[in-house]
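What follows is a short report on a single structure.
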Amino acid sequence: MLRTEDVEKILTTHDLSAFLKEMLKREDLDLNIDIDYESGELFINCKGFSNGLSIIVDQFGVWVIREAISEKNNGIFTQSKKSYHTENTVTVIRAVARWIGDIEESARSSK
């Protein structure tokens with residue numbers, strides 16, 4: 001369960017990456033999700049799947065979420081041109097949760 005005090009501590013992509021890594025440990029999901037934080041940008045992808053997420057905070061403090069796509073499914077991702085902007089951290093966490101849910105569903109259906 002996501003608590004208000006957890007969300008209030010997430011102000012940067014670094015904070016979000018730490019939160020997600022801890023959450024994935026706690027939930028013990030049997031997925032190979034990679035959370036890669038680099039110089040202010042957070043990339044989330046899952047080995048064997050062609051889409052992921054790129055998340056940054058722009059200069060105005062707005063979260064920017066983009067889909068990252070690997071056309072050849074080879075682990076090399078490019079960001080799509082479409083982006084979603086929000087000031088609400090919960091919206092970002094929900095987007096990541098939805099993405100994880102889609103990965104789980106795809107993994108189940110491929111077995």
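Numbering of residues begins at 1 and proceeds along the displayed sequence.
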Original post:
Between the side chains of S54 and E41, does any donor sit under 3.5 Å from an acceptor?
Top reply: yes

**OP:** Under the side-chain hydrogen bond (donor to acceptor under 3.5 Å, both in side chains) rule, collect the residues that match up with T91, sequence neighbours excluded.
**Re:**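 So T91 forms no side-chain hydrogen bond (donor to acceptor under 3.5 Å, both in side chains) with any residue.
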
**OP:** Sequence neighbours left out, what passes side-chain hydrogen bond (donor to acceptor under 3.5 Å, both in side chains) with W63? Give chain and number order.
**Re:**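 side-chain hydrogen bond (donor to acceptor under 3.5 Å, both in side chains) check on W63 returns T89.
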
Can you get from [X] to [Y] by hopping between Ile, Leu, Val, Met, Phe, Trp and Tyr side chains that sit under 4.5 Å apart?
| X | Y | result |
| --- | --- | --- |
| L16 | V64 | no |
| I56 | V62 | no |
| Y84 | V92 | yes |
| F43 | I100 | no |
| F49 | L24 | yes |

Looking at [atom1] of [X] and [atom2] of [Y], how far apart are the two atoms once the value is rounded to the nearest 0.5 Å?
| X | Y | atom1 | atom2 | value |
| --- | --- | --- | --- | --- |
| K82 | I65 | NZ | CD1 | 14.5 Å |
| E67 | T78 | CD | OG1 | 9.5 Å |
| R108 | E104 | CZ | CD | 6.0 Å |
| D58 | S83 | CG | OG | 9.5 Å |
| N45 | I69 | CG | CD1 | 13.0 Å |

Original post:
Listed by chain and number, what are the ring pair (Phe, Tyr, Trp, His ring centres under 6.0 Å) partners of H85, not counting sequence neighbours?
Top reply: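 Applying ring pair (Phe, Tyr, Trp, His ring centres under 6.0 Å) to H85 gives none.
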
Original post:
Shortest non-hydrogen contact from S17 to L42?
Top reply: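 It is CB-CD1, 3.4 Å.
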
**OP:** Would you mind telling me which of I55, I33, I35 makes a side-chain contact (heavy atoms from CB on, under 4.5 Å) with V96?
**Re:**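 With V96 as partner, side-chain contact (heavy atoms from CB on, under 4.5 Å) holds for just one option, I55.
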
Subject >> Among L20, I44, T13, side-chain contact (heavy atoms from CB on, under 4.5 Å) partner for Y37 >> reply: T13

Original post:
Are the side chains of I10 and I93 in touch, meaning some heavy atoms are under 4.5 Å apart?
Top reply: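 Yes, side chains in contact.
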
